[in-house]
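First the structure, in the form of structure tokens, and then the observations on it.
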Amino acid sequence: MKTAKLAIGDQLPEAAAASNSAVEKNGSTAAVAVAGKNGANNSSSYGRLNSKVNILVVDDRKDKLLALGAILAPLGQNVVEARSGKEALRLLLKNEFAVILMDVSMPTMDGFETAALIRKRPSSEHTPIIFVTSIGNSPAQMYQGYLLGAVDYILTPIVPDVLRAKVGVFVDLWRKTEHIKQQAERLRQVEEAEHRRRLAEAHDRLEMETKRNRFFTLALDMLGIGDLDGHLLQVNYAWETVLGYSEDELKATAPEQLVHPEDFAVILEKVKLLQNGMPVEYFEVRCRHKDGSYRWIGWTAAPFPEEKLVYIFGRDVNRRKEAEEKVLHLNGELEKRVDALTEINRELETFNYSISHDLRAPLRSMSGFAQALMDGDMSRLGPQGSDYVRRIANSAKRMDMLLQDLLEYSRVARASMPPMSVDLDGVVSEIVTLREREIQEKQARVDVKSPLGTVCAHLPTVQQILGNLVDNGLKFVDPGKLAHLRIWTEEAPSRNGGPDKEAGCGNSTHSVLRIWVEDNGIGIEKEFYEKIFGLFERLHPSHTYPGTGLGLAIVRKAVERMGGRVGVESTLQEGSRFWVELPAGANETK
Ligand code: ADP
């Protein structure tokens with residue numbers, strides 16, 4: 001390496017110009033480096049490492065400054081010049097320097113004074129200072145320089161290679177320090193990011209926990225955590241609302257003190273399941289309230305064997321349970337009443353049957369004698385006597401009709417009705433045949449839409465039902481109008497709880513057949529649709545339309561006994577349509 005010796009005072013204007021332009025550059029470079037340090041721009045920090053380093057050269061003499069600049073130029077760094085201690089301080093305010101080359105003897109403020117002020121500033125207290133001085137300096141002066149933080153002395157005349165080597169060391173040192181600073185900064189940033197991440201995690205956990213706790217606290221249901229022996233470890237406020245005990249009281253209470261003695265076996269069984277790691281299905285037991293009363297609580301619980309904990313959910317079902325018990329009690333009462341009423345009904349029906357039956361014998365002799373009188377010489381009775389006898393005979397006839405209907409009603413109400421497959425076409429054709437004379441006399445018409453199909457019912461009773469409906473259809477027609485009846489069937493929608501097919505018919509489905517009997521008669525007002533099915537209910541006096549008021553009551557009773565339904569639709573003056581629903585017969589394919 002070639003060592004050139006340069007005397008201070010040698011002029012090197014190009015080097016000075018180069019170094020001054022570097023000051024400008026350096027100003028902006030330093031600014032960017034500061035931003036990088038704040039963590040806003042890492043690439044700037046790297047840039048700072050690769051960029052040029054500032055070297056401050058302080059001397060009152062321009063020629064010496066130029067000479068120093070020329071010596072340091074090969075280092076390829078920014079050599080910044082200051083012509084006085086004051087200017088040096090000003091430059092140090094704005095820039096960072098790797099090293100300061102300081103002339104000791106300067107007017108106004110010498111190198112030592114300047115160094116003392118530099119050291120006072122925190123930003124520059126550690127910046128290395130190399131004093132440039134002549135050999136003439138005393139050791140005492142040099143000692144003072146070291147006290148002020150001088151790291152070295154360069155004696156004039158300067159040996160350029162030595163100066164460059166010394167300054168180069170500080171440039172390296174500065175770069176390494178910067179590198180370490182940047183690494184420390186990066187480390188700090190990584191640590192900060194990690195710290196922030198952990199903080200965010202902790203915050204999220206806390207938020208979740210707070211939300212869970214809110215559910216726990218606000219839930220209307222009883223939520224609790226217990227151990228595998230059934231002791232409570234934590235409960236929410238609902239427990240106090242329902243059972244009256246505070247959390248501490250509950251924690252100190254053994255399960256057997258809390259549960260009704262009669263229900264405790266259930267608890268033991270559930271605890272055993274939980275101890276074996278199995279969840280328990282919903283169950284209800286009575287729990288003791290603090291006031292001594294018992295409340296029904298519905299429970300479920302799930303074990304967490306790893307934690308040796310059981311999560312418990314309870315709901316106050318006391319009101320529902322009480323209501324259920326009331327309903328049960330009322331049902332029992334109702335059943336008793338129904339039994340009593342059924343018994344009374346049975347007695348009444350028996351009474352009705354025997355009365356109707358027994359009354360017929362004297363009635364028969366009454367009407368027999370009246371008939372005998374009428375068959376004899378009526379002139380002997382005179383007109384009034386004949387009228388009386390006729391009236392007796394008519395009344396006896398009407399009473400017999402009533403008794404017959406009453407007996408029929410009794411039979412329908414009491415008789416057993418074993419179901420069988422009933423061919424409706426056969427039934428209807430028999431009904432029409434039996435009434436053939438009446439139909440001809442009235443010039444009535446009966447249209448049957450065959451096939452009518454089959455029902456699963458009691459044959460004589462079906463005959464009775466349809467017979468009554470046909471009779472009414474032929475009867476309740478305006479005088480002068482010819483009766484026209486239509487009979488057809490259709491499959492009705494099956495009903496829930498509808499007629500259950502008896503095994504006797506061999507049909508396991510719940511299909512239902514609806515039989516329609518339609519007339520073109522006087523019709524019925526809607527408000528009487530129900531009423532006409534009652535006992536002795538008639539809408540017309542018997543001199544207009546004779547009858548007993550029992551025909552439709554018999555129909556309803558009979559239909560219901562066979563598991564069916566009956567109803568009517570009607571339009572006044574246009575006609576009525578009675579319908580009867582009965583279980584469809586086996587393999588009914590209508
Ligand atoms: P009855 O026919 O002996 O009078 P029912 O019990 O058969 O008694 O009928 C009750 C009442 O319902 C009848 O008196 C009548 O007023 C009315 N009614 C029944 N069937 C019809 C019908 N097809 N058209 C109009 N009214 C009817």
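Residues take their numbers from the sequence shown, with the count starting at 1. As the structure lists them, so they are numbered: ligands from 1, and atoms in each ligand from 1. As a basis for the values below, the full set of heavy atoms in this structure was taken, side chains included, without hydrogen atoms, waters or symmetry mates.
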Query raised in the report: Looking at atom 7 (O) of ligand 1, what's its closest protein heavy atom, distance included?
Result: Asn472 ND2, 2.8 Å

Requested in this report: In plain terms, say whether Arg337 and Glu333 are close enough for a salt bridge, that is, a side-chain N and a carboxylate O under 4.0 Å apart.
Outcome: no

Requested in this report: Within a distance under 4.0 Å of any heavy atom of Leu550, pick out the atoms of ligand 1 and give their elements.
Outcome: 6 (O), 8 (O)

Query raised in the report: Charged N to carboxylate O under 4.0 angstrom, Glu284 versus Arg320?
Result: yes

Report task. List the closest protein heavy-atom neighbour of atom 17 (C) of ligand 1: residue, atom name, distance to the nearest 0.1 Å. Result -> Ile532 CG2, 4.0 Å

Requested in this report: Carefully, step by step, assess Phe476 and His540 under the rule ring-ring contact (aromatic ring centres under 6.0 Å, His included).
Outcome: CA-CA 10 Å; Phe476 293 104; His540 310 91; 5.7 Å; yes

Requested in this report: Would you mind checking if Lys449 and Asp447 are paired as a salt bridge, meaning a charged N to carboxylate O distance below 4.0 Å?
Outcome: no

Query - Atoms in ligand 1 with a heavy atom of Lys475 nearer than 4.0 Å - result: 1 (P), 2 (O), 3 (O)

Query raised in the report: Side chains of Ser379 and Asp377: do they bring a donor and an acceptor to under 3.5 Å?
Result: yes

Report summary line: closest protein heavy atom to atom 4 (O) of ligand 1 is Arg538 NE, 2.7 Å

Query raised in the report: Of all heavy-atom pairs between Gly523 and Ser576, which one has the smallest distance, and what is that distance?
Result: CA-OG, 3.5 Å

Query raised in the report: Under 6.0 Å from the six-membered ring centre of Trp488 and within 45° of its axis: does the NZ or CZ of Arg486 meet both?
Result: yes

Report summary line: ligand 1 to Leu539, heavy atom cutoff 4.0 Å, flagged ligand atoms 14 (O), 16 (O)

**Report entry** Nearest-neighbour protein heavy atom for atom 26 (N) of ligand 1, which is reported as residue plus atom name and distance
**Finding:** Ile524 CG1, 3.4 Å

**Report entry** Check ion pair Arg411-Glu408 (N to O, under 4.0 angstrom)
**Finding:** yes

Requested in this report: Of the side chain and backbone of Val555, name the one, both, or neither that has a heavy atom under 4.0 Å from an atom of ligand 1.
Outcome: neither

Query - Numbering as shown, the atoms of ligand 1 that approach Ser576 to under 4.0 Å (heavy-atom distance) - result: 24 (N)

Query raised in the report: In terms of residue, atom name and distance, what is the protein heavy atom nearest to atom 23 (N) of ligand 1?
Result: Asp519 OD2, 2.9 Å

Query raised in the report: Are His484 and Asp519 close enough that some pair of their side-chain heavy atoms sits under 4.5 Å apart?
Result: no

Requested in this report: Could you tell me whether the side chains of Glu209 and Asn213 share a donor-acceptor contact shorter than 3.5 Å?
Outcome: no

Requested in this report: Give the atoms of ligand 1, by number and element, whose distance to some non-hydrogen atom of His540 is under 4.0 Å.
Outcome: 15 (C), 16 (O)

Report task. Would you mind checking which non-hydrogen protein atom is closest to atom 10 (C) of ligand 1, with the distance to 0.1 Å? Result -> Glu537 O, 3.2 Å

**Report entry** Six-ring centre of Tyr294, Arg286 cation under 6.0 angstrom, axis tolerance 45°
**Finding:** no

Query raised in the report: Counting both backbone and side chain atoms, is some N or O of Gly547 under 3.5 Å from an N or O of ligand 1?
Result: no

Query raised in the report: At under 4.0 Å between heavy atoms, which part of Phe578 makes contact with ligand 1: side chain, backbone, both or neither?
Result: side chain

Report summary line: Ranked by distance from atom 6 (O) of ligand 1, the top protein heavy atom is Leu552 N, 2.7 Å

Query - Sub-4.0 Å heavy-atom contact, Gly521 with ligand 1 - result: no

Report summary line: Within 4.0 Å of some non-hydrogen atom of Thr548, the atoms of ligand 1 are 3 (O)

Query raised in the report: Based purely on interatomic distance, does Pro546 place a nitrogen or oxygen under 3.5 Å from a nitrogen or oxygen of ligand 1?
Result: no

Report summary line: closest protein heavy atom to atom 27 (C) of ligand 1 is Phe476 CD1, 3.6 Å

**Report entry** Contact check, side chains of Pro418 and His458, non-hydrogen atoms, under 4.5 Å
**Finding:** yes

